[in-house]
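See structure below.
Labels below follow one simple rule: chain letters A, B, ... track the order of the sequence lines, proteins then strands, and each chain is numbered from 1.
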Amino acid sequence: MSSSSPVVTKKARASKDAAGPVVIRVPEHTVEIVSDSGEGAQKCGQIFGQVSAKMGNGAWTVEIIPAEIQPPARSGPGASGNRIRIGTQPVTNWGDAANLVVAFNEQALLARHELEALHEDAIVLVENRWATHDDDDIRREWTTAMEVLGKQDYRIIPVPMEEQCLTVTDNPRRGKNMFVLGMLAWIYDRDIELIRDAIRQSFRKKAEAVARANIELMELGYRWAEANLDFRVEVPIEKPPTPMIVLNGNQALAMGAVAAGMDLCAMYPITPATSVSHYLGEIFEDFGGIVHQAEDEIAAAGVAIGASYAGKVAFTVTSGPGLALKTEFIGLATMTEVPLVVLDVQRGGPSTGLPTKVEQSDLLAALYGQPGDAPKVVMAPATIEECFHMVVTARRIAELFRCVVMVLTDANLATGVQPFPRPQLDPRWQAAPPDLRPVPEGVKPYDWDPASGLSRRFIPGQPGGMHTLTGLSHDEYSHVGYSPDVHERGCAMRSRKLAVFQTTLKPPGVYGDTKGDLLVVGWGSTKGAIEEAVDRARARGLRVSSLHLRILSPLEPGLKEIFSRFRKVATVEINYSDRLGDPYITRENRRLGQLAWLLRAHTLVDVDCWTRVPGQPLRPKGILEGIESMMPGGHA
Amino acid sequence: MPSDERTAAILAALAAPRDAYRSALAATLDEVRVYRDARREGAADRHMQLGASLGLVGVAHVDVDRLAAVLSVEAALEPAAQAVMPRALAVLESLAARGDDACALTLVPGENLYEAVSRLFADLGRAIGAGRVVDLARSGRYRPADHDRWLEAFPFGQWSQAERRMAPPVVIELEGSDLRPAGLAEFLDGGAKIVLVVHGETSPAPLVRLITPRTFVAQTADVAVVQRLAAWDGPGIAGIFPAGGARFVHDPGVAGGIGARLTITEVPTLDGRRRAGPFSATQQQDELDQLKALQGAAAADLAVPVAPQPATPADPVDKLAAWLLQQADLSGA
Amino acid sequence: METSCSFLSCDHDDDERSWTMEDYAGAIPRWCPGCGDHAILAAVERLLETEQLPPERTVFVSGIGCSSRFPHYLTTYGFHGIHGRALPIATGVKLRRPDLHVFAVMGDGDCCSIGAGHWIHAVRYNVDMVALMLDNGIYGLTKNQTSPTTPQGHPSNTQPKGSHLMPLNPLSATLGVSNASFVAQTADWMPAHVYATIAAAFRHRGFSFVRILQRCPQYTDDLFQEAVRNPNLVEMLVHPDGVDAPELEKIFKNRRVHDPKDLDMGRHLAEPFDRIRLGIFFRDESRQRYEELRHQRIHTAQERIDRLNEEFEKYAV
Amino acid sequence: MGSPPATRPEREVRDSVVIRFAGDSGDGMQLTGLQFTQETALAGSDLATFPDYPAEIRAPAGTTYGVSAFQIHFGTQDITSVGDELDVLVAMNPAALKVSLPDLRMGGSVLVDTSAFSDRNLQKAGYAANPLDDDTLAPFQVLKLDVTRHTLDAVDGLGLSQKEALRCRNMWALGLMLWMYGRSRKATVEWIGKKFAKEEAIRDANLRALNAGHAFGETAEMPSHVSGYSVAAAELASGMYRTVSGTEALAWGLLVGIKKAGLTRLVLGSYPITPASPLLHTMAGFKDYGVVTFQAEDEIAAVCAAIGASYAGALGVTSSSGPGIALKGEAIGLAIATELPLIIVNAQRAGPSTGLPTKTEQSDLYQAIYGRNADAELIVVAAATPSDSFEVGIEAVRLATKYMTPVIVLTDGFLANAAEPWLIPDVDLVAEFPVAYRTDPDGFMPFARDDATLARPWAVPGTPELEHRIGGLERSAQTGNISYDPDNHQAMTNTRAAKIARVAADIPPQAVSLGPDHGAVAVVGWGSTYGPIHQAVRLLRAEGHDVAHLHLRYLWPFPSNLADLLRRYDRVLVPEMNTGQLVNVLRAQYLIPAEGINQVTGKPFKVSDIERAVRTRLEA
């Protein structure tokens, strides 16, 4: 291809380096690229993040997404793009603010500024064509915005993106993102061949000329940056010791399902869960799997239950409103003890809420959203790597305990991209084909072991195992029973399985000292941000540790004992809690963070909480403030 | 290795039934593997298998020993049964490792067709034999003296009806002079499908004697007929012949009587009395006579009035007229 | 392709087993005396016996309602699901296990009201199964509420002055869905016809929708009374490719030849509310069947690992 | 009231009696029970009833799972439970005897129809030997009567078929029981006349059977050891009474609620489900009062129709049971997001899943409080008794319209069907809480809020210049336009929560139902367990135990004094018909070591269940 391009060879760059730009050498740097929706900032950011990860930098990307497909141009809420935090060491969260921002218009930039997304001395590269636009309003908006931004300590560098792109294309709106990618490639000294590969991969379904044109634009950006910018950023690379792969959380869930040997995913499109099925749809058939897009959320759950009943554990994937609709079916699976895995990629709520935004507010709905006493296992991965591995565990637990296992991720994990050690696949992770051996004489469909509540599952096709599953209360023979003891016994057996599972769990580990003034408890995608905040707090001399739960029902054991070694325990969550001091809010009527509520009921420890629902991932800085506000008084 | 380019197209057309066999093979292999792992000798090893099955998150959070204590343990196998497991697995693995070509065979001129097909099925049937050995072993009924040979060969004659439904399709290339089809009737059961790719001269309608109500039988030059064979949910045989000879398709997948099932496009006449390979002129004539007899039966079948009243005609005008007549209800008149 | 999952536990003695109607019977039915469901159950048992379906490879899925108790009264595999959702469960079963014989049993509220969305799509998916809609024109189990098929003017607890609207026509609705492949109607008071119809439905490859007019002695006692008393009110659709119950010829003299291939005529015949027409309205075996389109080959664990490792390569650092 | 016959010994005086009519589901036991209840209520007794019927419409005759029973507890004072043990059992067949005999107290009376004890019936009931012949019934007073023959004799000559004639057995038994407790037959006679107005023979047969049963007691045909009983009228407050079931009371409450709110329309969207359907049936008869009932095609459509009605200015109500509420979860979230008034009535039944449709449980509390995706707060209230349902209905309307929010009303299968005498209230005494639709376009913003309640304005389509759009996506705090702004989402979530938190200050403080407001033990209940808890606490207090009863109507948010109140007791015990839901909410919210007393048998608590459990805790 264009590897012979004269401008971007290693040699050419080396000479330029020597000539002059200041090299900012830092252990980590955070980049944001924002544009109007449809201008491709996301693609640019994804490729930049992927290439950075592939080169061996630690990386974490977060998508900045508007909820509409086509929001109005040049509007703050329409800002679309990516934040990529790269580092020498592994990166576990999106950080506090961006050090370098590339904006396709000043309104998107202004919106990010107002959201405090920019570091106080951020470098800002902004498209400058608006300054001289034909439209008076636009010029006025530009001027106003620049006045606001000019009062900050940002270093603002206007860039003639469109003007440059017009030299090689007649539709710059579609090419700017590649120009910007080229600029970033020069600034961060990215491997240009990896970038070309990524562009080709990205346009693999289009004509070859499309990829070529995009590569050309990217190289244009590279040359422009080289000729015009006076700084570069170096985030040193330390090659990780083990092979790594880079995935987003939804891809990881999908691959996890493959690694778990599952073969049926039934779903209905819902943001932000759908991309699990997009990715699975591309590859699943190669593994003998089916993605069934059902007519609605309810049918998706039903098809998964039917498939699970007749063979291997199947799964359904959804987000909050879809979970609400599947509730009745989840109850049926619980009652009939048909194993089922439900992946819930949480988003902002209630109701339709914020479809593309992050929240951790489905915990209690998952645990308690069904009518009747419906015990089930609930888990939450803390990292993208865990998204992959947890599906394997979830399937196996569902099968062993004949129960529903819910896996709660969120929009942060779903669209975030992070490198992690490439899994060493094990055939034993995979579901066995259904065992259709004849059922031994006298074995009942619910031959509950009275001590554990466990029983062997019969699968259609097994001679001698004929019985009718029912959502009605039933006895060991699956016969409908209305007598009081039958119902009581069934409830006990279904509940006991969870108690038994809990006895097999290990107590969670504490991050930091195992005693101190404050223990921060978290779950789900906040792990990286919490631990970074804890590190900073400890660096300031605060006696803070953290603990991150993966299994939320049944709760991991030993919590009360761990809590007793801290003066105070508090959760950090992305869901709602009342703040003491707000009107009408008392210690008694205060609504608590969802995990906090759960921990209090189970341990009777006065667990406090610091929660926010901004629709965005929490920032370490914010959590640090939360920690400081919650530190128990008195001596430090 | 298939030498005829038609064979590749035929194998492609047979993908669905072949996948069914290979699916069963893959499932068997995995099921045996899991079965073996769950019943390892020694608790430590068994716990290791259980732990591994939980995945990395599971291992990090679950105390495998405690979990193992909760789960019921199936009894360990007796030593002989234990010993045969790896051998059965090896058979399954070797069959799984063989590509799709395993179902194709080219006859050495003069070789006996019946014996070759027998051998091919007996070889592919080792998957079934291995499955049976495992079944017997795990229910304590395995006896090496009686059952070990199933791992070497498992002839079609011993397959059960359910197993025959999973029979893989086979493709045989052969010289016309070696085409003695009568013995093949034995294999036309369950879901077994045989495609013969014939080179050179043979008798005009050798396959006609295999026609039975539930057997797909075709004689043709057109490879596309194999797709219809593949779609039929039962046994069948298709001969792909060079020019000359009878051309017909008997497709039991088509609803209705023999008239609907059988389509004859060509019935040649014998040009003089001469032998074709092993077939005497009389035999050849007999085949053609049988084909004509079936043709007659088919015609008669179609001629039988299909209803007390004439069937609704296809032409819209006639349809309307017929409908009006029906509405008039002349039955009482 | 009718295959079991693996060569293990494959019926080695399939040819030697046989079953009688008694072998298929399950718990004693708890339907009211005089309920049409009894006759339908008997016809289904007869079908199972005739076809000699191995009980362990036969699955009955139902929703909620009187008719949905059906699976409990058979000794096959059964799944008594939730209201309106028999079809998604049955679809899931068949998608993963095409080797199983799947029946879905629903009531009119189950199928045409709360489950209407699934019904439309199940017809379109055309998964090979028999769907029996036992239509008594009322909610019985919850004690007398108007259903979508309750005749206009018929009083119930929820519409005490009589059902407000024209009832929904399940036959027309089904015949109107793209990819419909088998639509028939029968009536519980003609066991021979019920049997012949569900036998035809079973033999049809695809989604066979059978509406069974079913008497409820408790709440809609009068619904089919006239038709039961006067066979001339019933019109039998007959055809060599249709259903045949020769023993009924003498009683039901009102016969009309209808070729099930003729969709337009089938729709025309299904339309009027005031005529009870029994038989096959439409049948077409050539329609696409979802489970066949989606059927995937099973791979070994190792094959999957190899393939997933290839996939990892694309995302390797 | 009937006067004691001269030839008989004096009627024995009783404070309270528990009778159960039990027979096959085709025997008309529910009707019998209801008629007895009616006559008893008219006689001025306080009472509580418990209908217990099989899930099948008509299970096979003669089997134990086909037994249908109706229990009534009536007496002179404060009847709050259906009674633990039966004083009298009327068993129309062996299966009924088998099922109910364990509940009959030692020395209690049992009436059996000897004709029904055929070999075939005995076998179907699972009796190896005839219990009338062995000593099965030795501990009881037994009345072996050939009810069948007496009934057939009574209706002879009316030209009925055997089947029709036998259907009158229940009336014969009712007649006898009415005599035994000195109840009038008047209302029953009227009822029969009305019900069978068009079928004279049937009407006459039922009347004759009823009268014959009564006459049987009146004349000397009864065994000498059996006498009638006299249960005096209860000392109830004066006023007009009627028996009322929880369902009826709730329906009336909702109706009064909309009147007090000044609304003209109530739209009930519902879909048939046991045991919630009766509300739909009852409301269907209220057409003339501005009630529109809509039996939707499914549960989801039912709640959406109610939401649509609320948007249009009516009060939207939807009713269902657990599995149906599960389906409505997403739409309830929409009502929370759009901030429209909506009342969701959940007649709970035993679960999970389809569970036990006709049996009672309180296991949907979690679902009510937490059963939707994301932070989706609403108000949860629960009715304690049939008559309390009336007040709860009014209160639900008040809170829903004042705070523009969904309110979940929890009842249960027991409460919905159980009946008690109800002093028909003077509705003029119920305070008004008129709704003010927004009409003023000046400064109108759909999500601007009332300072006091934080409720948004209710602007009804059709009002000029107030055109606005609402929806489930997050809305800007004032304009209601779609907004993804992080601060706005935080602010809106805060406001929605604060709005519900404010309700705590607008509801009555938690009172103590029985006992002191501090002490050793508080027994805290909610919902239909009121009666048994109350009785149990009364018994324990009579023995000198330091126990109090608190019963919660408001389950979310809690009354503002609840924490303080609970902390004034050494121990808090929470009896619930679930595996421990309220107890967990109290623990998490207040960190008090509340303990659960839990039972999920599908049956209401017995007084003795609670008494025993509390006693064990006291002694521990």
On the 0 to 90° scale, with breaks at 30° and 60°, tag the D/Tyr370-A/Tyr368 ring pair as parallel, tilted or perpendicular. tilted
Kindly indicate whether the side chain of D/Asp485, heavy atoms from C-beta on, has any atom under 4.5 Å from the side chain of A/Leu115. yes
Step by step, work out the side chain to side chain contact (heavy atoms under 4.5 Å, CB included) result for A/Asp578 and D/Asn494. CA-CA 7 Å; A/Asp578 291 322; D/Asn494 293 1; over 6 Å; no
If you measure only the distance, is there a donor-acceptor pair under 3.5 Å linking the side chains of D/Gln581 and A/Asp373? yes
Contacting region of A/Leu325 [heavy-atom separation from chain D under 4.5 Å]: both
Chain D contact via A/Val605 - which portion, at a heavy-atom distance below 4.5 Å: backbone
Given D/Thr493, D/Asn488, D/Ile592, the one with more heavy-atom pairs under 4.5 angstrom with chain A than any other is D/Thr493
Could you tell me which non-hydrogen atom of D/His489 sits nearest to which non-hydrogen atom of A/Gly349, and how far apart they are? CE1-O, 3.1 Å
A/Tyr268, OH: over 12 other non-hydrogen atoms inside 6.0 angstrom: no
What part of D/Glu361 gets within 4.5 angstrom of chain A, counting heavy atoms only: side chain, backbone, both, or neither? side chain
A/Glu588 and D/Arg567 ion-paired at < 4.0 Å: yes
Leading residue by heavy atom contact count with chain A [cutoff under 4.5 Å; candidates D/Gly322, D/Gly329, D/Ser560]: D/Gly322
Less than 3.5 Å apart, any donor N or O on the side chain of D/Asp375 or A/Gln594 sitting next to an acceptor on the other? yes
